[in-house]
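In what follows, a single structure is set out as structure tokens and then discussed.
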Amino acid sequence: MLSTMQLSFNPSTVIETALRQIAASCEAFGEDFEPEVRAADPKFGDFQANGVLGFAKRNGKNPRELAQQLLDAANKSGQFDPTLVELSLAGPGFINFKCTRAYLWNWLNQYATPADYQSGAGKLKAGRKVVIDYPSANTAKQAHIGHLRPMVIGEAIARLLDFCGADTVRDNHIGDWGTNFGTLIMQIKRERIDLDQVKEDPLALLDQLYKDGSRLEKEQPNLRDQSRAELLKLQEGDPENTSLWEKIVDISKDAFEKLYQQMGVQIDISLGESFYRDKVERVYRELTETGIAEHSEGALVVWHDEVKKFARDNERPYPFNIRKSDGASNYASTDLATILYRVEHFKAEEVIYLTDARQQDHFQQLFLTTQKWFNLCNYPTPITRHVWWGTILGKDKKPFKTKSGESIKLQTLLDEACERALAVVTEKNSDLPEAERQAIASTVGIAALKYADLASNRTQDYVFDWDRMLSFEGNTAPYLLYAVARINSIFRKAELDPESPIEGAGPLETEAELTLARKLMGLPGALDLTLNDLRPHFLCTYLYELAGAYSSFYNADKVMVDDPPTRAGRLLLCARTRSTLMTGLELLGIQALDRM
RNA sequence: GUGGGCGUAGCUCAGUUGGAUAGAGCAUCGGAUUUCUAAUCCGAGGGUCGGGGGUUCGAAUCCCUCCGCCCAUGCCA
């Protein structure tokens with residue numbers, strides 16, 4: 001019911017529920033009517049119901065007449081208080097809902113702080129146990145630009161799920177048990193490196209040793225045999241190799257930990273592939289016993305005949321290879337062991353994997369295999385999702401690389417972001433003391449980098465452009481941060497706390513005030529969209545539009561006017577904009593600034 | 001070959017899953033500041049939504065067919 005007493009966080013769902021109920025007791029509609037309520041173009045109202053059109057089509061009725069009937073029934077039902085929402089019929093059969101000033105006012109008073117928003121959003125995923133697989137870095141390799149998206153997108157999605165009430169486990173599924181350790185150990189021994197003696201950037205050294213090692217293997221086949229022998233020794237628990245392996249993993253973890261801190265990435269647990277090395281036998285056994293897996297060319301594989309591409313009679317056979325022909329495990333084996341562990345140990349109801357687009361086949365096979373396996377063994381089957389993304393491109397539309405064609409180190413990227421941000425901050429605001437400019441620049445730089453990664457639809461490739469991401473114009477982090485900084489500036493000058501309640505506010509009046517207020521009420525819808533598809537760019541678009549509405553308001557209506565109710569009303573809008581922007585930025589993993 | 005993604009303004013991107021006259025930013029042009037951060041705001045021009053066909057009240061969105069780009073395609077992750 002759309003009343004003052006019971007004000008839902010998301011008005012759209014209330015309208016939808018009410019309409020469904022009204023339609024159910026309406027002769028022309030019935031139980032199966034789906035109202036399809038969504039945000040409307042502001043010129044039509046706040047929300048619109050499109051469901052009548054499709055319903056009329058399916059039933060061979062006149063949509064406009066049906067819409068009129070539903071509208072009449074809605075008005076008669078008493079569920080829509082005319083002082084709070086105005087209903088109207090438009091076009092071929094849309095029903096538009098326009099919230100009144102009174103409704104907007106009530107909503108803004110009920111949902112004022114980040115905690116209020118969270119209490120509203122927290123019902124969306126209340127208590128769901130979700131394991132998120134990210135950022136899953138590899139050991140013994142320096143992080144590069146390819147690690148940017150898993151950190152940025154993964155963190156944003158994890159925060160969103162937390163915010164929406166999920167009980168999340170962020171599991172860093174690191175690659176710490178691959179064939180590369182054979183090569184690495186071979187080369188370490190060959191060069192007689194003492195890892196304890198390496199002081200400066202030991203990860204860079206490991207990176208180099210691996211590159212040298214694999215190059216030498218190609219030139220000298222006997223070294224390849226040595227590497228295989230070292231790997232085998234490691235896998236059999238040889239003390240020397242195990243100790244080397246531990247050092248390599250520690251060096252990698254330390255180096256990544258520094259990056260996680262800079263990037264604001266939080267991790268709950270870090271169970272790498274090595275953790276599952278004694279758990280893959282059970283996978284082989286159960287999948288063989290259930291008849292899901294079979295032997296093929298010496299390997300243990302799973303065919304999925306119902307999917308053409310993975311069927312055994314496909315022209316190009318593409319099985320899910322879960323044990324290599326030499327008996328060793330691969331990432332399919334460990335991923336299977338991992339999902340079982342997540343369900344048995346963490347009681348995961350959902351498991352979300354974050355990787356780039358190229359791994360779609362792997363996850364499709366993994367999910368199919370898991371379903372069949374868990375089904376036959378009577379294990380609870382979790383909801384599985386593969387959240388994937390496109391490539392970061394340079395201006396030439398090819399994968400973004402250094403001029404010499406190498407992949408860009410993540411640290412280099414972060415440093416350059418901060419340097420460039422410092423130049424911008426210095427240019428725009430040279431009055432600030434050096435130390436503060438530095439601090440602002442590092443926040444702005446990282447924010448710009450992250451926001452550029454989040455603002456476009458993740459399934460698309462995007463073009464990396466320093467100037468654009470650091471611009472104060474357009475859909476960028478600086479534009480959003482600037483809006484927050486300006487709000488803070490107003491409260492600072494007024495000597496008020498933006499987080500304290502504001503008393504004595506008069507009603508909203510101007511066009512700019514109302515547009516802003518309506519936009520503020522759009523947060524729940526934006527969160528819904530973002531959560532449904534796990535696509536952070538929906539949230540970005542919303543925040544950008546909100547900041548735009550605020551900037552227009554800021555230019556049109558002076559906040560610190562003499563008339564107390566007007567001033568209080570505008571300050572209230574400022575405070576709400578601030579808390580909404582800060583909430584949204586927080587969800588994106590971006591830190592807001594007091595001033596810039 | 002098969003599968004996935006994609007093609008929207010000169011450039012970079014949205015477009016709530018079939019809805020109302022396809023929207024932003026940059027760039028171009030024209031305006032706004034004795035005023036809370038102008039690092040902003042307001043306005044104008046700019047489109048055969050890759051081409052063609054189909055489905056229907058209605059298509060950038062769904063189907064078919066071409067053209068073009070990216071990615072994956074048996075034991076790397």
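In what follows, chains are A, B, ... by sequence order, proteins preceding strands, each numbered from 1. What you see below is based on every heavy atom in this structure, not just the backbone, and it leaves out hydrogens, waters and symmetry mates.
- Between A/K395 and B/rU12 there is no side-chain N or O to OP1 or OP2 distance below 4.0 Å.
- In this model, a donor atom of one side chain and an acceptor atom of the other lie less than 3.5 Å apart for A/D453 and A/Y462.
- Ionic pairing of A/D46 and A/R518 is present here: one or more N-O contacts between side-chain nitrogen and carboxylate oxygen are shorter than 4.0 angstrom.
- Between the side chains of A/S274 and A/D176, at least one donor-acceptor pair of N or O atoms lies under 3.5 Å.
- Residue A/K397 places at least one side-chain N or O under 4.0 Å from the OP1 or OP2 atom of B/rU12.
- Using a cut-off of 4.0 Å between Lys/Arg side-chain N and Asp/Glu carboxylate O, A/K211 and A/D207 are scored as salt-bridged.
- Between the side chains of A/H304 and A/T369, at least one donor N or O lies within less than 3.5 Å of an accepting N or O.
- Taking only distance into account, the side chain of A/S456 never meets the base of B/rC13 through a donor-acceptor pair shorter than 3.5 Å.
- The side chain of A/Y451 contributes no N or O atom lying less than 4.0 Å from OP1 or OP2 of B/rC13.
- Taking side-chain N and O atoms only, A/Y542 has no distance below 4.0 Å to OP1 or OP2 of B/rA14.
- Within 6.0 Å of CZ in A/R492 there are more than 12 heavy atoms belonging to other residues, nucleotides or ligands.
- Listed by residue number, A/A485, A/R486, A/S489, A/I490, A/K493 are the residues of residues 483-496 of chain A with a heavy-atom contact under 4.0 Å to RNA chain B.
- In summary, the side chains of A/N429 and A/R437 do not present any donor paired with an acceptor at a separation below 3.5 Å, with no hydrogens or angles considered.
- For A/S296 against B/rG74, a side-chain-to-base donor-acceptor contact under 3.5 Å is present.
- Phosphate proximity of B/rU73 to A/H362: absent, as no side-chain N or O sits under 4.0 Å from OP1 or OP2.
- No side-chain donor from either of A/N488 and A/R595 sits under 3.5 Å from a side-chain acceptor of the other.
- Nucleotides B/rG45 and B/rA27 have their C1' atoms positioned 13 Å apart, rounded to a whole Å.
- A/S552 has a side-chain polar atom (N or O) that falls below the 4.0 Å cut-off from OP1 or OP2 of B/rC42.
- For the strand RNA chain B, secondary-structure stems (runs of at least three Watson-Crick or G-U pairs, all distances below 3.5 Å) span B:1-7 with B:67-73, B:10-13 with B:23-26, B:28-32 with B:40-44, B:50-54 with B:62-66.
- Salt bridge status for A/K398 with A/D396: absent, with no side-chain N to carboxylate O gap under 4.0 Å.
- A donor-acceptor pair shorter than 3.5 Å cannot be found between the side chains of A/N180 and A/Y210.
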Dump the pairs, protein N or O against N or O of nucleotides 20-23 of chain B, anything under 3.5 Å, distances to one decimal.
residue	atom	partner	partner atom	Å
B/rA20	N7	A/Q48	OE1	3.1
B/rA20	N6	A/Q48	OE1	2.6
B/rA20	N6	A/N96	OD1	2.5
B/rA20	N6	A/N96	ND2	3.4
B/rA20	N1	A/N96	ND2	3.2

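- Side-chain contact of A/N330 with A/S333: a donor-acceptor pair under 3.5 Å is present, judged by distance alone.
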